[in-house]
Amino acid sequence: MFSFLNWKVCSAAVGIVIGSELLWKLLLKFRKHLKKSDFEVNEVLFFPDNPLTTFENNKSLIKHSVAIDKSSSLYRLTKVISGTQKSLDMCLFLITLRDMASLAIRLMQDGVRVRVIVDHSNQGISGCQVGRLREAGVRVVARKQAGLMHHKFAVVDGRLLVTGSFNWTSQAVMSNNENVVITSNKELVEPFVCEFERLWEENSPVDAMLGRGDW
């Protein structure tokens, strides 16, 4: 009788251990899923911003205002870019938005790897920030090709995509109807990471010497 009770007790104990282990695994799986969901980003921004409210004290973007209305799309876009920890890859048809160029320079100075690809034809236009970025030490590739390098996207830390119709210009912020999609969805982010790397590798210093782009 005693042996039978011991056997029942042991069986119950084993059952509890196995059940607890299964429960713990389910809990860890749930927590992992919950953690992933908590950090998933899917957001859409629209421009133009309201010129009367976006910049405080009636300062314009051209005057390099740093006082940006927190309800504006530009503020949200700036906040996303400023959150970069390790790498910022920008593939832009053109960039005349001085505030964003300043942010890229600051990130580089803080130790972030910043790389920029632009279309070669826009280097000399009024307000172009390419020269300023290069002078500050940011690595910039200007692509020479038959068609336009017409992309407008950025990848933050290899895990967050910023893309859309938005040209990184003051006109896009204050005048144009533009859109920006911000997402951390891996199925969307990874193709853009690959596209940036492909374009970057195609414009090595050797390619620049051969007239296929410049640094």
Side-chain angles (χ1 to χ4, degrees), residues 44-48 61-62 73-74 77-78 80-81 84 86-105 107-108 112-215:
V44 178
L45 306 177
F46 290 106
F47 293 87
L61 190 65
I62 297 174
S73 292
L74 180 60
L77 180 59
T78 303
V80 168
I81 300 300
T84 306
K86 296 180 180 179
S87 65
L88 175 62
D89 292 329
M90 305 164 71
C91 192
L92 311 172
F93 176 58
L94 74 162
I95 176 168
T96 64
L97 197 53
R98 186 178 177 88
D99 290 353
M100 281 300 184
S102 297
L103 179 53
I105 291 169
L107 288 169
M108 182 209 65
V112 172
R113 184 195 68 182
V114 179
R115 299 185 295 178
V116 181
I117 299 174
V118 296
D119 187 77
H120 184 269
S121 64
N122 290 311
Q123 288 189 102
I125 68 171
S126 176
C128 179
Q129 297 297 302
V130 169
R132 182 165 167 254
L133 288 166
R134 282 176 168 157
E135 287 176 9
V138 175
R139 297 174 67 190
V140 181
V141 161
R143 279 184 64 87
K144 291 179 180 178
Q145 56 189 57
L148 297 175
M149 201 301 297
H150 209 237
H151 284 317
K152 299 127 186 177
F153 72 85
V155 179
V156 175
D157 291 329
R159 61 178 183 80
L160 192 64
L161 171 66
V162 179
T163 188
S165 68
F166 183 76
N167 277 313
W168 295 46
T169 66
S170 55
Q171 180 175 327
V173 174
M174 308 308 293
S175 302
N176 296 352
N177 289 115
E178 307 278 5
N179 66 80
V180 173
V181 175
I182 303 170
T183 181
S184 60
N185 186 308
K186 285 185 67 174
E187 293 184 4
L188 297 177
V189 176
E190 289 182 356
F192 279 88
V193 171
C194 292
E195 174 67 356
F196 186 93
E197 294 297 339
R198 182 184 71 82
L199 295 176
W200 187 264
E201 291 300 322
E202 283 181 0
N203 287 270
S204 66
V206 173
D207 290 317
M209 292 173 62
L210 296 174
R212 293 196 287 264
D214 65 64
W215 289 66

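Quick caveat, the model's predicted, so the values are computed rather than measured.
- The shortest distance between side-chain heavy atoms of Met90 and Trp168 falls below 4.5 Å.
- Nearest approach of Phe46 to Ser73, heavy atoms of both residues: O-OG, 2.8 Å.
- Note that CD1 of Ile105 is 9.0 Å distant from CD of Glu135, once rounded to the nearest 0.5 Å.
- The two residues Thr78 and Met100 make their nearest non-hydrogen contact at OG1-CE, 3.6 Å.
- Under 3.5 Å, the side chains of Arg98 and Ser170 contain no donor-acceptor pair of N or O atoms.
- Asn176 has its side chain out of reach of Pro48: every pair of non-hydrogen atoms, C-beta onward, lies at least 4.5 Å apart.
- Interatomic distance, CH2 of Trp200 versus CD of Glu195, reported as 14.0 Å (0.5 Å rounding).
- When all heavy atoms are compared, the tightest approach of Ser184 to Val189 is C-CG2, 3.9 Å.
- Proximity of Asn179 to Leu45: side-chain heavy atoms (C-beta onward) are nowhere separated by under 4.5 Å.
- In this structure, Glu197 pairs ionically with Arg115, as a charged nitrogen and a carboxylate oxygen lie closer than 4.0 Å.
- One distance of note links CZ of Arg143 with CG of Asp119; it measures 9.0 Å at 0.5 Å rounding.
- Glu202 places none of its side-chain heavy atoms less than 4.5 Å from the side chain of Val141.
- For the pair Asp157 and Thr84, the minimum side-chain heavy-atom distance is below 4.5 Å.
- The distance from atom CG of Leu92 to atom NE2 of His150, rounded to the nearest 0.5 Å, is 11.5 Å.
- Under the side chain to side chain contact (heavy atoms under 4.5 Å, CB included) rule, Leu88 has a single partner from Val162, Leu103, Ile81, which is Ile81.
- With rounding to the nearest 0.5 Å, the separation of SG in Cys128 from CG in Leu94 is 7.5 Å.
- The shortest heavy-atom contact between Val116 and Val118 is CG1-CG1, 3.8 Å.
- The CG atom of Asp89 sits 8.0 Å away from the CZ atom of Phe153 when rounded to the nearest 0.5 Å.
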